[in-house]
Amino acid sequence: MVWLRSTAYMAFLVVTVVPYAICCVLWAPLPLGWRYRLTLGWPAMALWGAKVILGMRYQALGREHLPDGPAIILSKHQSAWETLYFAVKLPRDVVFVYKKELHYVPFFGWSLALLSMIPIDRTKGRESFDQVVRTGSRRLAEGRWPVLFPEGTRVAPGETGRYKQGGTLLACKTGVPVVPVAHNAGECWPRNAFLKTPGLVTVSFGPPISPEGHSPASLNRAVRDWIEAEMRRLNPERYAGERVDIAPAAR
């Protein structure tokens, strides 16, 4: 059944993304806000398909923490599922930080390139952080919420990557609070895996953390501590016997 569901879902994505990407190109002359709303239809379909075809249900904890104003979302990254969720379910238009090579992916990349997000050249090291701050500041001024994955790449459930400071640099430069997010989507949708399993994904939003009084490094540690403590609360079995110096997550 898992094979059948996963195959059906992949076929669903392929069949829908091609005509949708063509439509994205056709409505490129429209204002950005219109293009964003129209393009959002595809991730909404993909999220719906994951629920109906794959059996991936989801719940959100702590949505009351989402501010009514500027915010920077810093999230755990385990799969592609959370990118769909953030695009569809967050209350503001979002912009993702991603490697600019994605623009060359047929259909999907072409649509992405039209949304004025934050593509970066990862080969440029420190300059890519400067680009996140420069472009991210403009996107915040437009009323959009940057979404960054501090670990930089998808990590398997139970693992912790090195948290990079791009998001906290942006926060300290702009004075905008960060919202840490933990989730366990990788339990159902593993990294780079074709097979996806039914289950309940929990997305947990933490209290906003103000950059006031923080350096990018100390803010980064606060974000890491909250996310990793919350991950251990969501799936304690993944961390059984582990000894780490991480403060309990505030609820």
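Quick note: numbers below take in every heavy atom, side chains included, and nothing from hydrogens, waters or symmetry partners.
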Can you tell me how far apart [atom1] ([X]) and [atom2] ([Y]) are? Round to the nearest 0.5 Å.
X	Y	atom1	atom2	value
Leu234	Arg232	CG	CZ	11.0 Å
Leu169	Asn220	CG	CG	8.5 Å
His65	Ser204	NE2	OG	7.5 Å
Tyr163	Asp225	OH	CG	9.5 Å
Ile72	Trp145	CD1	CH2	11.0 Å
Met56	Thr197	CE	OG1	7.5 Å

Inter- and intrachain pairs under salt bridge (Lys or Arg N to Asp or Glu O under 4.0 Å), touching [range], at least two apart:
range	value
residues 145-154	Lys76-Glu151
residues 10-23	none
residues 180-192	Glu187-Arg238
residues 22-32	none

Over all heavy atoms of both residues, which pair between [X] and [Y] is shortest? Give the atoms and the distance, please.
X	Y	result
Ala217	Gln165	N-OE1, 3.6 Å
Gly161	Val155	N-CG1, 4.1 Å
Leu74	Pro150	CB-CG, 4.0 Å
Pro146	Gly136	CG-O, 4.3 Å
Cys172	Pro216	SG-N, 3.6 Å
Leu140	Pro70	CD2-CB, 4.5 Å

Output yes when a side-chain donor or acceptor of [X] lies under 3.5 Å from a complementary backbone atom of [Y], and no otherwise.
X	Y	value
Ser6	Trp3	no
Lys196	Phe194	yes
Trp226	Arg221	no

According to a hydrophobic-cluster definition based on side-chain heavy atoms being under 4.5 Å apart (Ile, Leu, Val, Met, Phe, Trp, Tyr only), do [X] and [Y] belong together?
X	Y	answer
Val17	Val105	yes
Leu66	Phe96	yes
Val18	Tyr20	yes
Val14	Leu84	no
Leu115	Ile22	yes

### Query
Among Val88, Thr83, Val52, whose side chain to side chain contact (heavy atoms under 4.5 Å, CB included) with Leu47 holds?
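For Leu47, the side chain to side chain contact (heavy atoms under 4.5 Å, CB included) test succeeds with only one of Val88, Thr83, Val52, which is Val88.
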
Are [X] and [Y] side-chain neighbours, meaning at least one heavy-atom pair lies under 4.5 Å?
X	Y	result
Lys100	Leu112	no
Ile120	Thr135	no
Tyr85	Val201	no
Ser116	Arg138	no
Met231	Gln78	yes

### Task
Return the orientation label for the Trp48 and Phe12 ring planes: parallel under 30°, perpendicular over 60°, tilted otherwise.
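Tilted: the ring planes of Trp48 and Phe12 meet at 30° to 60°.
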
### Query
Parallel, tilted or perpendicular: which describes the rings of Trp81 and His183, with under 30° parallel and over 60° perpendicular?
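Tilted.
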
### Query
Could you walk me through whether Cys188 and Leu54 pass the side chain to side chain contact (heavy atoms under 4.5 Å, CB included) check?
CA-CA 9 Å; Cys188 298; Leu54 297 175; over 6 Å; no

### Task
Take Val203 and Tyr58, measure what side chain to side chain contact (heavy atoms under 4.5 Å, CB included) needs, and give me the verdict at the end.
CA-CA 7 Å; Val203 182; Tyr58 53 86; 5.5 Å; no

### Task
Check side chain to side chain donor-acceptor pair (under 3.5 Å) between Tyr9 and all other residues, then give those that pass, not counting sequence neighbours.
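For Tyr9, no residue satisfies side chain to side chain donor-acceptor pair (under 3.5 Å) once neighbours in sequence are set aside.
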
Under 3.5 Å donor-acceptor pairs involving side-chain atoms of residues 25-44, not counting sequence neighbours:
{"unit_1": "Arg35", "atom_1": "NE", "unit_2": "Leu114", "atom_2": "O", "d": "3.2"}
{"unit_1": "Arg35", "atom_1": "NH1", "unit_2": "Ala28", "atom_2": "O", "d": "3.3"}
{"unit_1": "Arg35", "atom_1": "NH1", "unit_2": "Leu30", "atom_2": "O", "d": "2.7"}
{"unit_1": "Arg35", "atom_1": "NH2", "unit_2": "Leu114", "atom_2": "O", "d": "2.9"}
{"unit_1": "Tyr36", "atom_1": "OH", "unit_2": "Val94", "atom_2": "N", "d": "3.0"}
{"unit_1": "Arg37", "atom_1": "NH2", "unit_2": "Asp93", "atom_2": "OD1", "d": "2.4"}
{"unit_1": "Thr39", "atom_1": "OG1", "unit_2": "Arg35", "atom_2": "O", "d": "2.7"}
{"unit_1": "Trp42", "atom_1": "NE1", "unit_2": "Thr16", "atom_2": "OG1", "d": "2.9"}

Could you list the residues that satisfy side-chain contact (heavy atoms from CB on, under 4.5 Å) with [X], not counting sequence neighbours?
X	answer
Ala222	Ile209, His214
Pro19	none
Lys173	Val133

#### Entry: Partners passing salt bridge (charged side-chain N to carboxylate O under 4.0 Å, His left out) against Glu142 (at least two apart in sequence or in another chain)
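Only Arg139, Arg144 meet the salt bridge (charged side-chain N to carboxylate O under 4.0 Å, His left out) criterion with Glu142.
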
### Query
Residues in salt bridge (charged side-chain N to carboxylate O under 4.0 Å, His left out) with Arg134, at least two apart?
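In terms of salt bridge (charged side-chain N to carboxylate O under 4.0 Å, His left out), with neighbours along the sequence ignored, Arg134 is linked to no residue.
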
### Verdict with supporting geometry, Thr160 and Arg224, side chain to side chain contact (heavy atoms under 4.5 Å, CB included)
CA-CA 9 Å; Thr160 303; Arg224 176 187 181 276; 4.2 Å; yes

#### Entry: Glu212 CD: over 12 foreign heavy atoms closer than 6.0 Å
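Result for CD/Glu212: open.
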
What donor-acceptor contacts under 3.5 angstrom involve side-chain atoms of residues 174-182, with partners at least two apart or in another chain?
{"unit_1": "Thr174", "atom_1": "OG1", "unit_2": "Leu170", "atom_2": "O", "d": "2.8"}
{"unit_1": "Thr174", "atom_1": "OG1", "unit_2": "Val176", "atom_2": "N", "d": "3.4"}

### Query
Under the criterion side-chain hydrogen bond (donor to acceptor under 3.5 Å, both in side chains), which of Arg57, Glu230, Arg233, Gln59 is the partner of Thr202?
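For Thr202, the side-chain hydrogen bond (donor to acceptor under 3.5 Å, both in side chains) test succeeds with only one of Arg57, Glu230, Arg233, Gln59, which is Gln59.
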
